[in-house]
**Student:** 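Below is a structure I'd like to ask you about.
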Amino acid sequence: MVDVLVIGSGPAGYTAAIYAVRAGYKVKLVTGNQDGGQLTITSFIENYPGFSEKITGPQLMMQMRQQAENLGVEIEYDVIESVDFSNRPFICKGESSVVYESRSVIVATGANAKWLGLESENKYKNKGVSACATCDGFFFKNKVVAVIGGGNAAVEEAIYLTNFASKVFLIHRRDSLKAEKIMQTRLMENSKIEVIWNSRVAEILGDEKKVTGVLLENNGELRKIDLDGIFVAIGHAPATAIFSGKLDLDEAGYIVVSGTRTSVRGVFAAGDVCDPIYRQAIVSAGQGCKAAIDADKFLSIES
């Protein structure tokens, strides 16, 4: 039995755990299948306060984890597969078969990468199709690759991949990017990057063993481009499958919150799992702080 169970290990989860343990509670954090969350697949971070020099996503999350451990947070490398919020103490079961009981829960499970939904995409995942440039970019030294998308993530991945690839195509289905202006400027100034506008991926081509190209469609016309790798960066979906029917979710699957309070008293949410708008590490960390303070108020009343 713990006072606060934190589900998720991104900035929201670790911040919530840090604040809760400093409030004097027994806190356990269950990492999920990606300790550190999305920032572990992010390259350099320049906009997180407190660092005069840029820091990598994995380095930032390692420091958060070490800080939490030093303060006394119990960290479990497990994945929660089911929850029971019908009664207190709350019951959460892990894939490891461990049962976690807690007086309160903070959900910080974040979001997962979206895919194109093509049969050929599934066929060539891990054979040249990836959703993580920082994970797999190294394998495409002096190769030709493409990034699919038009937001900050897509632009950042395209720029990052120029560290390895000889040529990077950015393929976007519209005629303008959604990325921040400073990111667009860096993209356009990079001689290794070519933007292909108003095009969607019709099919990913390969030789059964690896990706060899992509077939694009633009106003009914098809165009083939020879490639060695494709990186999909078209957004994320909240990781809320296990909370369906347990907590109120909106139409897109995000947890509905008032502040950080969910539809179940004693259960709180923070970070990308309930935030479809800002999607920034610093915002998630701030929400994690608020969730811990709200949990503290709840536990003070209930105890």
**Student:** Quick one: does Asp175's side chain have a donor or acceptor within less than 3.5 Å of a partner on Asn198's backbone?
**Tutor:** no
**Student:** Following the transitive rule for hydrophobic clusters with a side-chain heavy-atom cut-off under 4.5 Å over Ile, Leu, Val, Met, Phe, Trp and Tyr, establish whether Val195 and Ile234 coincide in one cluster.
**Tutor:** no
**Student:** Give me the ring orientation class for His172 and Trp197: parallel if the planes are under 30° apart, tilted from 30 to 60°, perpendicular past 60°.
**Tutor:** perpendicular
**Student:** Assess the residue pair Tyr100 and Asp78 against the criterion (side chain to side chain donor-acceptor pair (under 3.5 Å)); give the C-alpha distance rounded to whole Å, side-chain angles, the decisive distance to 0.1 Å, and a yes or no.
**Tutor:** CA-CA 11 Å; Tyr100 304 94; Asp78 198 358; 2.8 Å; yes
**Student:** How far apart are the closest heavy atoms of Ile45 and Gly57, and which atoms are they?
**Tutor:** CD1-CA, 3.6 Å
**Student:** Are the side chains of Lys167 and Lys192 in touch, meaning some heavy atoms are under 4.5 Å apart?
**Tutor:** no
**Student:** Please walk me through it: do Arg261 and Val256 pass side chain to side chain contact (heavy atoms under 4.5 Å, CB included)?
**Tutor:** CA-CA 8 Å; Arg261 298 171 181 83; Val256 176; over 6 Å; no
**Student:** Do Val30 and Val6 have side-chain heavy atoms sitting under 4.5 Å apart?
**Tutor:** no
**Student:** What are the two closest non-hydrogen atoms of Gly149 and Ala154, and how far apart are they?
**Tutor:** C-CB, 3.5 Å
**Student:** Closer than 4.0 angstrom, basic N to acidic O: yes or no for Arg186 and Glu46?
**Tutor:** yes
**Student:** At their closest point, which heavy atom of Val105 faces which heavy atom of Cys92, and how far apart are they?
**Tutor:** CG2-SG, 4.5 Å
**Student:** Does Ile171 belong to the same Ile/Leu/Val/Met/Phe/Trp/Tyr cluster as Leu205, with side-chain heavy atoms less than 4.5 Å apart forming each link?
**Tutor:** no
**Student:** Under a plain distance cut-off of 3.5 Å, with no hydrogens placed, do Tyr254 and Asp275 share a side-chain donor-acceptor pair?
**Tutor:** no
**Student:** Mark yes or no for whether Ser120, through its side chain, and Glu203, through its backbone, hold a donor-acceptor pair below 3.5 Å.
**Tutor:** no
**Student:** Is it the case that the side chain of Thr162 and the backbone of Ile159 share a donor-acceptor pair, with hydrogens and angles ignored and the cut-off at 3.5 Å?
**Tutor:** yes
**Student:** Check whether any side-chain N or O of Asn163 sits under 3.5 Å from a backbone N or O of Tyr160 as a donor-acceptor pair, and report yes or no.
**Tutor:** yes
**Student:** Would a distance-only check, ignoring hydrogens and angles, find a side-chain to backbone donor-acceptor pair under 3.5 Å from Asp228 to Val144?
**Tutor:** yes
**Student:** Taking the side chain from Ser199 and the backbone from Arg173, do they hold a donor-acceptor pair closer than 3.5 Å?
**Tutor:** no
**Student:** Below 4.0 angstrom, N of the basic side chain to O of the carboxylate: do Glu217 and Arg200 qualify?
**Tutor:** yes
**Student:** Which heavy atom of Val73 sits nearest to which heavy atom of Ala17, and what is that distance?
**Tutor:** CG2-O, 3.6 Å
**Student:** Testing the 3.5 Å rule here: is there a donor-acceptor pair between the side chains of Gln34 and Thr40?
**Tutor:** yes
**Student:** Where do Ala292 and Ala16 come nearest, in terms of heavy atoms and distance?
**Tutor:** CB-O, 3.4 Å
**Student:** Please say yes or no: joined through hydrophobic side-chain contacts below 4.5 Å, possibly via intermediate residues, are Phe169 and Ile193 part of one cluster?
**Tutor:** no
**Student:** With no hydrogens and no angle check, is any side-chain donor or acceptor of Gln184 less than 3.5 Å from a backbone partner on Ala179?
**Tutor:** yes
**Student:** Between Ile18 and Met64, what is the shortest heavy-atom contact and its length?
**Tutor:** CD1-O, 4.1 Å
**Student:** Can you confirm if the aromatic rings of Phe140 and Phe164 lie within a centre distance of less than 6.0 Å?
**Tutor:** no
**Student:** Does a salt bridge link Arg265 with Glu302, judged by any charged N lying under 4.0 Å from a carboxylate O?
**Tutor:** yes
**Student:** Are Glu74 and Leu29 side-chain neighbours, meaning at least one heavy-atom pair lies under 4.5 Å?
**Tutor:** no
**Student:** Under a 3.5 Å distance rule, please check whether Ser104 uses its side chain to pair with a backbone N or O of Asp3 as donor and acceptor.
**Tutor:** yes
**Student:** Enumerate, atom names and distances included, each donor-acceptor pair closer than 3.5 Å involving a side-chain atom of residues 206-213, sequence neighbours excluded.
**Tutor:**
from, atom 1, to, atom 2, distance (Å)
Asp207, OD1, Lys209, N, 3.0
Asp207, OD1, Lys210, N, 2.9
Asp207, OD2, Lys210, NZ, 2.9
Glu208, OE1, Lys123, NZ, 3.2
Glu208, OE2, Lys123, NZ, 2.9
Thr212, OG1, Gly206, N, 3.4

**Student:** Counting N and O atoms only, with roles assigned by atom type, does the side chain of Gln59 sit under 3.5 Å from a partner on the main chain of Thr56, one being a donor and the other an acceptor?
**Tutor:** yes
**Student:** Can you check whether Tyr25 reaches Val2 side chain to side chain, under 4.5 Å on heavy atoms?
**Tutor:** no
**Student:** If we count only N and O atoms by modelled type, under 3.5 Å, do the side chains of Tyr14 and Asp35 hold a donor and an acceptor together?
**Tutor:** yes
**Student:** Got a donor-acceptor contact below 3.5 angstrom from the Glu121 side chain to the Gly117 backbone?
**Tutor:** yes
